[in-house]
**Student:** 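To start, I am sharing the structure in question, which I have written as structure tokens.
Protein chains get the first letters and strands the later ones, always in sequence-line order, with residue 1 at the start of each.
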2 protein chains.
Amino acid sequence: MKQWTTGEVCKQRDISIRTLRYYDQINLLTPSFKDANGRRYYSEDDLFKLEKILLLKSLSLPLENIRDLLDKLSYKQILVSHHNYLQEQLSKLQSSISNTTSLINMMDLEDSLSWEHVVKLVQNSQNPPKKWIDYFQEDEKSFLQGAIPSISNNDKTTHQYILLIQRIEWCIKHNIKAESDEGLQIASALMELSNDTFQGDTELMEQFWEVRKLPAEETGFYPISEEVLEFVERSIAYAETLA
Amino acid sequence: MKQWTTGEVCKQRDISIRTLRYYDQINLLTPSFKDANGRRYYSEDDLFKLEKILLLKSLSLPLENIRDLLDKLSYKQILVSHHNYLQEQLSKLQSSISNTTSLINMMDLEDSLSWEHVVKLVQNSQNPPKKWIDYFQEDEKSFLQGAIPSISNNDKTTHQYILLIQRIEWCIKHNIKAESDEGLQIASALMELSNDTFQGDTELMEQFWEVRKLPAEETGFYPISEEVLEFVERSIAYAETLA
DNA sequence: TATATTAGATGACGTTACGTCACCTGCAAT
DNA sequence: ATTGCAGGTGACGTAACGTCATCTAATATA
């Protein structure tokens, strides 16, 4: 029967010698053989037990509980609960990522974030709100899912939308009207982007802008002000009169 | 200017009073105002700072480093690195989940796991091996991705495959030939399953069984023994002679 | 008015899962 | 003869708080 020394076990499982000695000390994993000089030798069974321990530890179970549970749980039970734990972590991570992306994108829109925005986003992460996509029909969802730039989406398209909205906000601040050269440029950029996104489906596109008028809590979008929406509509209308 | 007491802040951010006092103690977050009785009052700026701290803490940065970094990093920098961190966690989690699923499925096939199987799987999780899907053509991948039951897939189809393989192993152990009633039943169940999976594409199906003959390290599959594969082929051949 | 409750404060010690350090041993190689 | 290495044993240190005993000021209730 092959046996392993502390050093060998450490390398295999990437843990420290101290850890093994500690587990021996607290009677969690005692090597099945100790020679006259006190050197520890681990059997294959010991390694299985160690594996169980590490799995249970990854559930952030305290070592004391692990010691009590170890013999009562089968390998499979441990693996299954480990699996469930990982799944839960996964969904938490995903919502965390989406919230972080939202915040980052928001920072591009506002120079300084208001405290309330941040709090709302972080608090909402507990019980996720109605998602904007729910405002559309079932059969449209699959298409929208990838195509529409929600604020939780940090791809290139989203960024371009954000840049355009910034540009519009700049225009409003500097009293530049939608019916101007700048307005024309914005309108054509917007139309090109929209065309890319909606592939010519004008009805979907209009629905999209309608939804963006709703307050942020309901849609998950960063709310676009009435002023910006008006600028969009007027600049596009102006562009169409010239065409 | 609104101010918040310790208790209020604790509830908002779901941390303990002790934590706030500790942060004060180590000079990480000192409330901007203390009254004559030593009661702490936090301003909006303080709350922003706390938010930064909690974000950096979630990167598992030690508090001491956080204190040094806090003024040097903008909110956005923090958010972006937080985002990167989360992404990394996500991919780790995903491979962890897939490995765990593999192990669980393996346990259905073997009553006792051999130590070497476990070690290989856990070690491979560091640098992911060639994936089985790479054995197919690019344009076939998208179809295969969802349809084929790899061992890292715990859906219903996978489970049915595993049950069938267990049944075949049972037959082999009890010396029941492929050319028997039991063999016939297995063959028809297999064919039905394969039809579901491959939607009649027999060429893909044959490739699939070919790949399963390769050793596990290369494919990521649980290796099917020659005996089982032979049983499969013979039982199907037998079924076809009777049809 | 007396008192009970609440929301805060301050030491001081405890906790987990090890890291780190000083020092000791048996054995192989130089 | 000594050097290096892989292992050992206390003993103390660490991070980020939890917990406990005790104290204080303000408010609510009898």
**Student:** Counting heavy atoms from C-beta on, name the nucleotide in D/dG18, D/dG7, C/dA9 closest to the side chain of B/Arg39.
**Tutor:** C/dA9
**Student:** Nearest nucleotide by nearest heavy atom, which residue falls closer to the 5' end of DNA chain C, A/Glu64 or B/Ile17?
**Tutor:** B/Ile17
**Student:** Measure from the side-chain N and O atoms of A/Arg40 to the backbone N and O of A/Ser32, and report whether any donor-acceptor pair falls under 3.5 Å.
**Tutor:** no
**Student:** For A/Arg40, report the nucleic acid contact type (base, sugar-phosphate, nothing); a contact means any heavy atom under 4.0 Å.
**Tutor:**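 Sugar-phosphate contact only - A/Arg40 comes under 4.0 Å of backbone atoms but never of a base.
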**Student:** What is the distance, rounded to the nearest whole Å, between atom CG of B/Leu56 and atom P of D/dA15?
**Tutor:**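 After rounding, the gap between these two atoms is 18 Å.
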**Student:** Does D/dA16 have OP1 or OP2 under 4.0 Å away from a side-chain N or O of B/Arg18?
**Tutor:**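 Negative; the distance criterion is not met.
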**Student:** Give a yes or no on whether the backbone of A/Asn27 and the side-chain of A/Thr30 come within a donor-acceptor separation of less than 3.5 Å.
**Tutor:** no
**Student:** For a quick test of reading the model: is some side-chain N or O of A/Tyr23 closer than 4.0 Å to OP1 or OP2 of C/dC18?
**Tutor:** yes
**Student:** Can you confirm whether more than 12 heavy atoms, excluding those of B/Glu64, are under 6.0 Å from its CD atom?
**Tutor:** no
**Student:** So if I take every side-chain heavy atom of A/Ser16 and compare against D/dC17, C/dC18, D/dA15, which nucleotide ends up nearest?
**Tutor:** C/dC18
**Student:** Would you kindly compare B/Asp24 and A/Leu61 by the position of their nearest DNA chain C nucleotide and give the one closer to the 5′ end?
**Tutor:**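 It is B/Asp24 whose nearest nucleotide is closer to the 5' end.
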**Student:** Decide if atom CD of B/Glu8 counts as having more than 12 heavy atoms of other residues, nucleotides or ligands within a radius under 6.0 Å.
**Tutor:**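 Count over threshold, so yes.
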**Student:** Starting at atom OH of B/Tyr42, determine the distance to atom C1' of C/dG8, rounded to an integer number of angstrom.
**Tutor:**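 In whole Å, C/dG8 C1' lies 12 Å from B/Tyr42 OH.
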**Student:** Expressed as a whole number of angstroms, how long is the span from B/Leu28:CG to D/dA16:C1'?
**Tutor:**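 Those two atoms, CG and C1', are 11 Å apart.
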**Student:** For the pair made of OH in B/Tyr22 and P in D/dG18, what is the distance, rounded to whole Å?
**Tutor:**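 Roughly 11 Å, once rounded to whole Å.
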**Student:** What's the CG-P distance between A/Asn65 and C/dT16, to the nearest Å?
**Tutor:** 10 Å
**Student:** Look at A/Lys11 and D/dA6 and indicate whether a side-chain polar atom (N or O) is within less than 4.0 Å of OP1 or OP2.
**Tutor:** no
**Student:** Output the single nucleotide from C/dG26, C/dA7, D/dG8 whose closest atom is nearest the side chain of A/Asn37.
**Tutor:** C/dG26
**Student:** Treating A/Asp46 as the side-chain partner and A/Ser43 as the backbone partner, does any N or O pair qualify as donor plus acceptor under 3.5 Å?
**Tutor:** yes
**Student:** In whole angstroms, how far is the C1' atom of C/dC27 from the CG atom of A/Asp35?
**Tutor:**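 My rounded result for the distance is 12 Å.
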**Student:** Quick one: is B/Thr6 getting a side-chain N or O under 4.0 Å of the C/dA9 phosphate, OP1 or OP2?
**Tutor:**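 Yes.
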**Student:** Please report the distance, rounded to the nearest Å, between CZ in A/Arg21 and C1' in C/dC21.
**Tutor:**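 Computing the A/Arg21:CZ to C/dC21:C1' distance gives 12 Å.
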**Student:** So, does B/Thr5 get its side chain near the phosphate of C/dG8, meaning an N or O under 4.0 Å from OP1 or OP2?
**Tutor:**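 Indeed, a polar side-chain atom of B/Thr5 lies that close.
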**Student:** Using a heavy-atom cut-off of 4.0 Å across all strands, would you classify B/Leu63 as base, sugar-phosphate, or nothing?
**Tutor:** sugar-phosphate
**Student:** To the nearest Å, give me how far apart CZ (A/Arg67) and P (C/dA17) are.
**Tutor:**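 Going from CZ in A/Arg67 over to P in C/dA17 covers 10 Å.
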